[in-house]
Amino acid sequence: MWAGSVHGVDVRIGVTQAPREINIELAEDADRDELKSRVEAALAGATDVLWITDKRGKDVAIPSAKIAYIELGSADGDRKIGFGG
């Protein structure tokens, strides 16, 4: 269950035959469970396009058949800057 204390959701999407992944930061009030349901529907072939709206209101469309993987995480998670130690 998505906790209200998480500040936004960071979504990383791998697309087949694309050299880079798509990174989207969702709004703080994003419903993580609803997004997971839409991702599952896209991967099951129930919809041809997965639409995601980022925190600035920009809509991003990803063809369901091209999705290689999707990672959902918190935007303020364990991000490390520089060389790990």
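We're numbering straight along the sequence, starting at 1.
Note that CG of Asp33 and CZ of Arg38 are 12.0 Å apart. Values are rounded to the nearest 0.5 Å. With rounding to the nearest 0.5 angstrom, the CZ atom of Arg56 is 7.5 Å from the CD atom of Glu25.
Between Ile70 and Val11 the shortest side-chain heavy-atom distance falls below 4.5 Å. Two residues are said to be in side-chain contact when any heavy atoms from C-beta on lie closer than 4.5 Å; Ile13 and Ile52 meet this criterion. You'll find the side chain of Leu35 reaches within 4.5 Å of the side chain of Leu26, heavy atoms only.
Residues Arg32 and Leu72 approach most closely at NH2-O, 3.2 Å, considering heavy atoms.
Among pairs with a residue in residues 61-72, those fulfilling side-chain hydrogen bond (donor to acceptor under 3.5 Å, both in side chains) read Arg12-Glu71, Glu21-Tyr69, at least two apart in sequence or across chains.
Legend: residues meeting side-chain contact (heavy atoms from CB on, under 4.5 Å) with Val49, ordered by chain and number and at least two apart, are Trp51, Ala61. Scored by the salt bridge (Lys or Arg N to Asp or Glu O under 4.0 Å) test, Glu40 finds no partners at all (sequence neighbours excluded).
The environment of CG in Asp59 is crowded: more than 12 heavy-atom neighbours from other residues, nucleotides or ligands sit within 6.0 Å.
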key: Worked verdict on Ile67 versus Val15 for side-chain contact (heavy atoms from CB on, under 4.5 Å)   = CA-CA 5 Å; Ile67 297 173; Val15 180; 5.9 Å; no
